[in-house]
Amino acid sequence: MCHQSVGLLARHAEAVGISTLCMTSALDITQAVNPPRAAFLDYPLGHTTGKPYQPALQRQILLEALAGFSDLAVPGSVKTLPFKWSEDRSWQETAQRGPDDRRPRYDTPQYQYEEDRDRAKARASAVQFTG
Amino acid sequence: MPVDYIERIREKYEALDYGVYQWVVSADTPPWHPLPKPLSECRLGLVASGGIYMSGQVAFHYRDDTSLLKIPMDVPTSELRATHFAYDLTDARQDPNVVFPIDTLRGLVGEGAIGNLAANAYTFMGGIYSSRRVREELAPRVTECLLAEEVDAVLFVPA
């Protein structure tokens, strides 16, 4: 739903006069919600702006994508970026297939590190104290 | 061929006995505001949905969290974290630039490809099932923040 949410936000912002460009790695979802401009990177979800620790590649991807602000002249256009995740397409076979691999949908904060929880709590109590 | 996510997610939900998910389909022409000047003269904003937070902020939760976090564009990258239920977080937790291209954008400002960046980026946890809540609760808040940042253009990054 990430791609859908982003498309809806872009449409809202563009309507008040802000130019928007959406990255996407889920072309069908993006085309359905139909944001003003999009750049499609055919990578697995979670890599919408590149591969980890490859700053030169990340830079190329963003330069190509951002050129869409001037290249794309028709509302709803999607630019396909010229990058491949790998030579074979085996990553596509498993993407969103098989048993549910999602984490449970808790309604409490889900921290990456326990230390983050402590820091957030400390900050909240400091705000309350100086309140 | 790109991955057919809509079909695969439909199959997955069916197997789990969930209801059929109603994807948003916009058949109209989207709104359109061309960039008024070259990107090298523009102030660019960043909005990302991959559940990025800064250590010290309250992290996102996974049940239709429509909260929005404000992250200064000069944040040290080492302070960034990722939390989300619907994508593999392994790489984003190693290098947040894969879903939150903060170093990349700062580099492009440095080399003059982008004029400058908004003071803050905005992040949320995009796995919100209710598109109504995205439209009614989140979109007006995000747009208001972007207007306050006085950006000319915005890059939106899903995960």
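Only heavy atoms go into these numbers, but all of them, side chains included; no hydrogens, no water, no symmetry mates. Treat the numbers as computed from the prediction; the structure is a model and nothing was measured.
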Enumerate by number any residue of residues 63-72 of chain B whose heavy atoms lie under 4.5 Å from heavy atoms of chain A; in the absence of such residues, state 'none'. B:R63, B:D64

Part of A:R89 lying under 4.5 Å from any heavy atom of chain B: side chain

Does the ring of B:Y122 carry B:R141 above it, NZ/CZ under 6.0 angstrom from centre and within 45° of its axis? no

Which region of A:P35, side chain (C-beta onward) or backbone (N, CA, C, O), has a non-hydrogen atom less than 4.5 Å from a non-hydrogen atom of chain B, or is it both or neither? backbone

For a quick check under 3.5 Å, do B:T83 and A:Q110 share a side-chain donor-acceptor pair by atom type? no

Portion of A:A73 that has a non-hydrogen atom of chain B nearer than 4.5 angstrom: backbone

Taking A:A65, A:A38, A:G17 one by one, which has the highest count of heavy-atom pairs under 4.5 Å against chain B? A:G17

Check whether B:Y5 gets within reach of chain A through its side chain, its backbone, both or neither, counting any heavy atom under 4.5 Å. both

Could you tell me if A:Q112 and B:Y53 have a donor-acceptor pair between their side chains, going purely by distance under 3.5 Å? no

What part of B:E149 gets closer than 4.5 Å to chain A, counting heavy atoms only: side chain, backbone, both or neither? neither

Under 3.5 Å side-chain donor-acceptor pair for B:T77 and B:R106: yes

Looking at B:W32, I'd like to know if the NZ or CZ of A:R37 sits under 6.0 Å from its six-membered ring centre while staying within 45 degrees of the ring's axis. yes

Salt-bridge criterion met for A:R119 and B:E79 (N-O under 4.0 Å): yes

Do you know which of B:L89, B:D88, B:T90 has the most heavy-atom pairs with chain A at a distance under 4.5 angstrom? B:L89

Could B:R81 and A:D116 be called an ion pair, given the rule that one side-chain N must be under 4.0 Å from one carboxylate O? yes

Who are the side chain to side chain contact (heavy atoms under 4.5 Å, CB included) partners of B:E41, not counting sequence neighbours? B:K37, B:P38

Where does B:L147 contact chain A at under 4.5 Å (heavy atoms): side chain, backbone, both or neither? both

On a heavy-atom basis, the closest approach of B:G126 and B:H84 is N-NE2, 3.6 Å

Counting only heavy atoms closer than 4.5 Å, note whether A:S70 contacts chain B via side chain, backbone, both or neither. neither

What part of A:Y113 gets closer than 4.5 Å to chain B, counting heavy atoms only: side chain, backbone, both or neither? both

Are A:R11 and B:D28 ion-paired here, with the side-chain N under 4.0 Å from a carboxylate O? yes

Region of B:L35 in contact with chain A, defined by heavy-atom distances below 4.5 Å: both

